[in-house]
Amino acid sequence: MMKNESRFETLARLARSEAPPRVDVAGRVIAILSAEQVRLDRASDKPLMWLAAFSSAVAVPAAVLAVIVYNNWVGPLFEISQAIAWVTQ
Amino acid sequence: MALPVVSGRIGSIGLEQFWAGLVRAVVDSVSVVEDRRPDAPDAAEFEDVRQSRQGDSDAYRRLIERHQEQVGGILWRFSRDRLVHEELVQDVFVEAYMSLRSYRGKAPFHHWLSRIATRVGYRYWKQTARRRETENFTIEEWDQVPDGSAEQMDPSEAASLVHRLLAQLRPRDRLVLTLRYLEGCDVAETARRTGWTRGMVKVQAVRAKKKLEKLVAKAGKGLE
């Protein structure tokens, strides 16, 4: 057991002195982060676009409904006012 | 520590102003003490961190260039495949940028990065373990290492052998032995990097060593 342990420790100590390969990731990391930023900017616009679309979708039927209600409401009133005008003549 | 308390002046300035000054002075003195810690980050580096948080890519590039070698050294223990190794280093800096706001500047930046690097490397091991991608290791290689002249082995060869041997263990066991023996971390440093308690590190290290011994014994004539 000791033999294996000391062999392992010797190898590990040797391994510690190994020089790792050089890396240069600065350019790629900055590119990834820039792309991510663009994606996030686009994603942040999406809720506003959905809100605008939803508002338009609700506004058009509401306007149509408002015209119908206005006509139904104003029609009988107009008839009554006509009748009153005829009586008073 | 310079407090703005001068006897006789308290009455002449408003009580509110006095308390505000007192609080400011205490805060300043605390930050001065923290800045003077021997392991505190240097001013230029902290300035780069601050500018990076505000989106300055040149500042972050400087930080990467300053620390990529050290991070590369840590991750070389996690993968000896050059492509994977580079990807892992890259992941560390992307992850570090995403959590840059959590860096408070109380410890050197490279300490903070080494924790992230360990986490990224450990995650990679867990993924490869899930895919059951184990590296080849034969007991013959282990037995071929001469006891007397192991010291004369090429460091790269030794590292490769230890790496493949440890790859036979579960990621958790592998992590603790890698940090303790390959990175040369003491118990406190291992605990800091892994986020485990010191007691847990000790227990895990003993267990992992036993498992390693069993593995060598099981694979062949390992025991004396």
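Residue numbers start from 1 in every chain, and the chains themselves are labelled A, B, ... in the order their sequence lines are given, proteins ahead of strands. Just so you know, these numbers use all the heavy atoms, side chains as well, and skip hydrogens, waters and symmetry mates. Quantities reported herein were computed from a predicted structural model and do not represent experimental measurements.
Heavy atoms of B:R61 lying under 4.5 Å from chain A belong to its backbone as well as its side chain. Heavy atoms closer than 4.5 Å to chain B are found in the side chain of A:E36, but not in its backbone. B:L63 does not touch chain A: none of its heavy atoms, backbone or side chain, sits under 4.5 Å away.
Taking both residues in full, the closest heavy atoms of A:A15 and B:L182 are given as CB-CD2, 3.5 Å, listed atom of the first, atom of the second, then distance.
Between the side chain of B:E69 and the backbone N or O of A:R22 there is no donor-acceptor pair closer than 3.5 Å. A:R16 places a side-chain N or O within donor-acceptor distance of the main-chain N or O of B:Y181, the cut-off being under 3.5 Å.
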**Message:** Using the rule given for side chain to side chain contact (heavy atoms under 4.5 Å, CB included), can you reason through B:M98 versus A:L33, listing the C-alpha separation, both sets of side-chain angles and the distance that settles it, and then say yes or no?
**Reply:** CA-CA 9 Å; B:M98 298 299 181; A:L33 292 174; 4.0 Å; yes
**Request:** Using the side chain to side chain contact (heavy atoms under 4.5 Å, CB included) rule, take B:L75 and A:V23 through it: C-alpha gap first, then chi angles, then the decisive distance, then the call.
**Result:** CA-CA 11 Å; B:L75 287 162; A:V23 283; over 6 Å; no
**Request:** Could you go through the side chain to side chain contact (heavy atoms under 4.5 Å, CB included) check for B:Y97 and A:V29 one step at a time?
**Result:** CA-CA 9 Å; B:Y97 185 81; A:V29 171; over 6 Å; no
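A salt bridge links B:R80 with A:E18: at least one charged nitrogen is closer than 4.0 Å to a carboxylate oxygen.
Interatomic distance, B:E65 CD to A:D24 CG, rounded to the nearest 0.5 Å: 6.5 Å. The line from CD of A:E5 to NZ of B:K209 is 3.5 Å long, rounded to the nearest 0.5 Å. Between A:L11 atom CG and B:E157 atom CD the span is 10.0 Å, to the nearest 0.5 Å.
Counting heavy-atom neighbours within 6.0 Å of B:K202 NZ, excluding the residue itself, gives a total of 12 or less. The environment of CZ in B:R53 is crowded: more than 12 heavy-atom neighbours from other residues, nucleotides or ligands sit within 6.0 Å. Few gaps surround CZ on B:R50; more than 12 heavy atoms of other groups in view lie less than 6.0 Å from it.
Contact check for A:I30 versus B:I64: side-chain heavy atoms found under the 4.5 Å cut-off. Looking only at side-chain heavy atoms (C-beta outward), A:F8 and B:L165 come within less than 4.5 Å of each other.
Between chain B and the residues A:G27, A:P20, A:P21, A:A19, the most heavy-atom pairs under 4.5 angstrom are made by A:P21. Per-residue heavy-atom pair counts under 4.5 Å with chain A were compared for B:G72, B:G55, B:G184, B:S160, and the maximum is reached by B:G184. Of the residues considered (B:R62, B:H85, B:E87, B:R77), B:R77 shows the highest number of contacts with chain A, using heavy-atom pairs under 4.5 Å.
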